[in-house]
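Please read the structure below before turning to the comments.
Treat the numbers as computed from the prediction; the structure is a model and nothing was measured. Numbering of ligands and ligand atoms starts at 1, following listing order.
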Amino acid sequence: MNDSKDILAVGSIAFDTIETPKGRREKILGGSSTYFSVSSSLYTNVSLIGIVGKDFKRENWDIFKKYNINVDSVEKSDGLTFSWGGKYNHDFSKRDTLFTELGVFEKFKPNIVNSYNQPILYLGNIQPDLQFDVISKVKKPHLIAADSMNLWIDLFPEKVKELIKKVDIFLLNDEEAIQLSGHNNLNKIVSEFLSYGPKIVIIKMGSKGSVIGFENEIIRVSCVPNVEVVDPTGAGDSFAGGVLGYIAQHGLKNPVKAVMHGTAVASFTVSAFGLENLYNTQLNIVDEKIKEIKIL
Ligand code: AMP
């Protein structure tokens with residue numbers, strides 16, 4: 001990992017209650033930055049910015065420790081940790097949010113230690129104002145990547161467009177991209193987002209793979225075939241972890257390969273509940289999976 005860039009990420013750390021056609025789990029460790037950090041720690045040193053409550057137990061901290069994830073900028077507060085419940089339909093094509101309890105997240109003001117060495121900054125799907133706040137507080141990031149979600153596009157579409165202008169890499173899923181742009185031609189959406197300024201735009205399409213735009217190219221990449229989906233929660237964050245992990249090691253010269261890494265890492269996440277399968281993943285197994293992914 002010596003020549004790699006470090007990664008600094010902000011997002012949610014959560015307890016999730018998840019119902020899928022394959023079963024149910026209650027109050028398991030989740031959150032966008034948990035999935036992201038465990039995934040990207042396969043590639044490089046990762047630090048987190050975030051907040052947890054008094055219900056966050058030693059065994060939860062131990063997960064970050066096990067993956068060598070630096071939590072110096074994770075605040076421990078008196079309230080309860082952010083918690084989220086989601087339920088998937090019979091074929092995983094739809095997810096309903098059952099509850100969102102912000103807890104300590106409601107008053108979250110990122111307090112950043114700033115001893116990081118020009119990191120790649122990843123802004124997970126939190127409120128755009130918090131993403132802007134983190135951008136203004138992190139000194140000289142090597143590059144900035146961001147994701148968003150339907151909730152923020154509903155509430156603050158102009159701020160999400162502002163965010164695209166401030167980042168080098170922008171990721172979004174297909175439904176959200178359609179929602180934000182107001183039309184459904186994905187190639188046109190990618191070109192439109194690229195015209196705001198990022199070097200790379202990636203639209204995630206779940207089991208249909210992804211579309212990547214960079215320079216004058218727009219390329220489609222498949223998903224990993226024949227994966228038995230158990231719980232898709234965190235797929236997007238694990239994907240981002242694989243993409244940025246690869247970029248931390250190799251730079252921006254091969255965005256398609258970076259997307260293949262994201263695709264492979266996400267395939268481990270979705271094949272078990274929560275982080276169960278991601279915990280056992282290693283880079284050599286990711287490399288094997290990549291052989292199954294096709295450029296379309
Ligand atoms: P994904 O499946 O990629 O959408 O990510 C799911 C993760 O996002 C879950 O572990 C949730 O805890 C977390 N999450 C859900 N809603 C929010 C929200 N409004 N803000 C931040 N994180 C959220």
Where ligand 1 meets Tyr35 - atom numbers and elements under 4.0 angstrom, heavy-atom basis: 10 (O)
Salt bridge (Lys or Arg N to Asp or Glu O under 4.0 Å) contacts touching residues 35-64 (sequence neighbours left out): none
Distance flag, aromatic centroids of His261 and Tyr43, threshold under 6.0 Å: yes
Ring centre gap for Trp84 and Phe99 strictly below 6.0 Å: no
Nearest protein heavy atom with distance in Å, relative to atom 8 (O) of ligand 1: Ser32 N, 4.0 Å
Close-contact set for ligand 1 against Ala14 heavy atoms, below 4.0 Å: 12 (O)
Carboxylate-amine/guanidinium proximity below 4.0 Å for Glu75 and Lys109: no
Within 6.0 angstrom of Lys137 NZ, more than 12 heavy atoms from elsewhere: yes
Heavy atoms of other groups near Asp96 CG, more than 12 under 6.0 Å: yes
For Leu151, atoms of ligand 1 separated by under 4.0 Å from a heavy atom: 19 (N)
Phe82-Phe108 aromatic ring centre distance below 6.0 Å: no
Part of Asp16 within contact of ligand 1 (heavy atoms, under 4.0 Å): side chain
Whether Phe82 lies under 4.0 Å from ligand 1, heavy atom: yes
Pair Glu276 + Arg25: basic N to acidic O under 4.0 Å: yes
Numbered atoms and elements of ligand 1 in range of Thr233, under 4.0 angstrom, heavy atoms: 2 (O), 6 (C), 9 (C), 10 (O)
Contact (N/O only, under 3.5 Å) between Asp237 and ligand 1: yes
Shortest protein heavy-atom distance from atom 20 (N) of ligand 1, along with the residue and atom involved: Asn125 O, 3.7 Å
Shortest protein heavy-atom distance from atom 16 (N) of ligand 1, along with the residue and atom involved: Trp84 CD1, 3.5 Å
Close N or O approach (Gly31, ligand 1; < 3.5 Å): yes
Side chain, backbone, both or neither: Thr97 near ligand 1, heavy atoms under 4.0 Å: neither
Heavy atom of Arg95, distance to ligand 1 below 4.0 Å: yes
Side-chain ion pair, Glu162 and Lys159, N-O less than 4.0 Å: no
Ligand-residue contact atoms, ligand 1 with Ser12, heavy atoms, under 4.0 Å: 13 (C), 21 (C), 22 (N), 23 (C)
